[in-house]
Amino acid sequence: MKFGKRIQGIAQENTRLAAYFVDYKTLKKFLKRIPVKGNNPEEGSRGSGGSGEDEEEETEDAQERFMLALESEVAKVESFFRSRLAEMLSEFRSLCKKVNKLNLDTKIADEFHGFEQLIALLDGSKEAELLKVFVGFSKEVDVVRSFVMTNAQAAIKITKKHDKLSSPRVFGLENTTSPSCIDAHSTIRATLER
């Protein structure tokens, strides 16, 4: 399956987040508008066939439109991620405070090998309700992590396609890790260690 179809499918599965995924299809359309450099028409050049100066200007304009679209898509993802991360950290801190207020019998928890089993044992108690909230929170963390990784992959793939077809190269993105992902990981780890 092509990546464009895959990211559309993932976005449709996550309707709440769908508007915040990289619009890969649109970025590919911008990419196709960039004339491929090459003198041999048999190589599949998408040039306009005009004068060298016109072709250069057309290429620069198409490059700029692509870069603006790419930057806009990455900014959209990053803005949503930072906002959602702040909400999740607040929710996590609140859950930690609630756990600290409970007098949990750790011997009971040690006897079971899964949240579902422990929740069933504690059914109807404050502890069971809190465990359910933690399980839901954990699932949401997984959804956001998947969202970040899918969008990072989209940015890398479209950048590689661009760099393969034209110059100048975009940021060498394929050899980097998203700063937002690193920041988020560090922030979550620091919060968990408190």
Side-chain angles (χ1 to χ4, degrees), residues 1 3-27 69-159 171 173-194:
M1 176 185 287
F3 183 76
K5 297 260 187 224
R6 198 171 105 222
I7 195 170
Q8 281 180 330
I10 293 169
Q12 288 172 353
E13 289 172 9
N14 297 289
T15 54
R16 218 170 20 94
L17 307 177
Y20 304 105
F21 275 87
V22 166
D23 188 350
Y24 192 78
K25 186 176 181 179
T26 298
L27 289 175
L70 177 61
E71 289 170 2
S72 173
E73 290 298 311
V74 170
K76 172 182 74 174
V77 170
E78 186 170 6
S79 174
F80 169 76
F81 172 71
R82 288 186 182 277
S83 169
R84 187 63 188 116
L85 178 64
E87 293 168 4
M88 291 175 78
L89 286 172
S90 175
E91 185 179 347
F92 181 73
R93 288 184 186 113
S94 173
L95 287 170
C96 288
K97 287 177 186 176
K98 289 177 183 177
V99 167
N100 288 335
K101 289 180 183 177
L102 292 175
N103 290 324
L104 295 175
D105 185 355
T106 56
K107 289 181 184 176
I108 292 174
D110 289 341
E111 294 175 20
F112 294 92
H113 302 289
F115 282 118
E116 288 77 20
Q117 198 176 23
L118 188 56
I119 289 170
L121 173 75
L122 299 170
D123 192 34
S125 68
K126 289 180 184 178
E127 291 87 353
E129 292 307 311
L130 193 54
L131 278 173
K132 287 178 186 175
V133 172
F134 260 113
V135 168
F137 180 77
S138 176
K139 288 178 182 176
E140 180 63 15
V141 168
D142 286 343
V143 166
V144 172
R145 181 192 49 78
S146 177
F147 168 83
V148 168
M149 297 310 294
T150 300
N151 282 292
Q153 188 178 16
I156 290 167
K157 282 187 170 289
I158 200 71
T159 300
F171 311 103
L173 208 75
E174 66 272 22
N175 297 322
T176 63
T177 304
S178 168
S180 297
C181 295
I182 293 169
D183 292 347
H185 180 70
S186 301
T187 304
I188 292 170
R189 180 176 293 259
T191 302
L192 290 172
E193 290 173 352
R194 287 185 200 152

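Looking at every heavy atom in both residues, Arg16 comes nearest to Val143 through NH2-CG1, 4.2 Å. Considering all non-hydrogen atoms of both residues, Lys157 and Tyr24 come closest at CB-OH, 3.8 Å. Leu27 approaches Val22 most closely through the heavy-atom pair CD1-CG1, 3.6 Å. The heavy-atom pair separating Phe21 from Val77 by the smallest distance is C-CG2, 4.3 Å. Smallest separation of non-hydrogen atoms from Val141 and Met88: CG2-CE, 3.2 Å. Scanning both residues, Thr150 and Phe3, for their nearest heavy atoms gives O-CZ, 3.9 Å.
For the atom pair Arg93 CZ and Lys98 NZ, the distance stands at 15.0 Å (nearest 0.5 Å). Distance check: Ser94 OG to Leu89 CG gives 12.5 Å after rounding to the nearest 0.5 Å. Ile158 CD1 to Ile7 CD1: the interatomic distance, rounded to the nearest 0.5 Å, is 10.0 Å.
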Q) Should Asp142 and Lys139 be marked as a side chain to side chain contact (heavy atoms under 4.5 Å, CB included) after you check the CA-CA gap, both sets of side-chain angles, and the distance that decides it? A) CA-CA 5 Å; Asp142 286 343; Lys139 288 178 182 176; 5.5 Å; no
Q | Verdict with reasoning, Gln153 to Arg6, per side chain to side chain contact (heavy atoms under 4.5 Å, CB included) | A | CA-CA 11 Å; Gln153 188 178 16; Arg6 198 171 105 222; 2.9 Å; yes
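Side chains of Arg84 and Glu140 form a contact here, defined as non-hydrogen atoms less than 4.5 Å apart. Here the side chains of Cys96 and Phe92 are in contact, with some heavy-atom distance below 4.5 Å. Between Arg82 and Glu78, some side-chain heavy-atom pair lies under the 4.5 Å cut-off.
Ionic pairing of Glu71 and Lys76 is not present here: no N-O contact between side-chain nitrogen and carboxylate oxygen is shorter than 4.0 angstrom.
Ring pair Phe147/Phe80 is perpendicular by interplanar angle, where above 60° counts as perpendicular and below 30° as parallel.
A donor-acceptor pair under 3.5 Å links the side-chain atoms of Thr159 to the main chain of Ala155, judged by distance alone. A donor-acceptor distance shorter than 3.5 angstrom exists from the side chain of Asp23 to the backbone of Thr26, with no hydrogens or angles considered.
Applying the 6.0 Å contact sphere to OH of Tyr20 captures no more than 12 heavy atoms from other residues, nucleotides or ligands.
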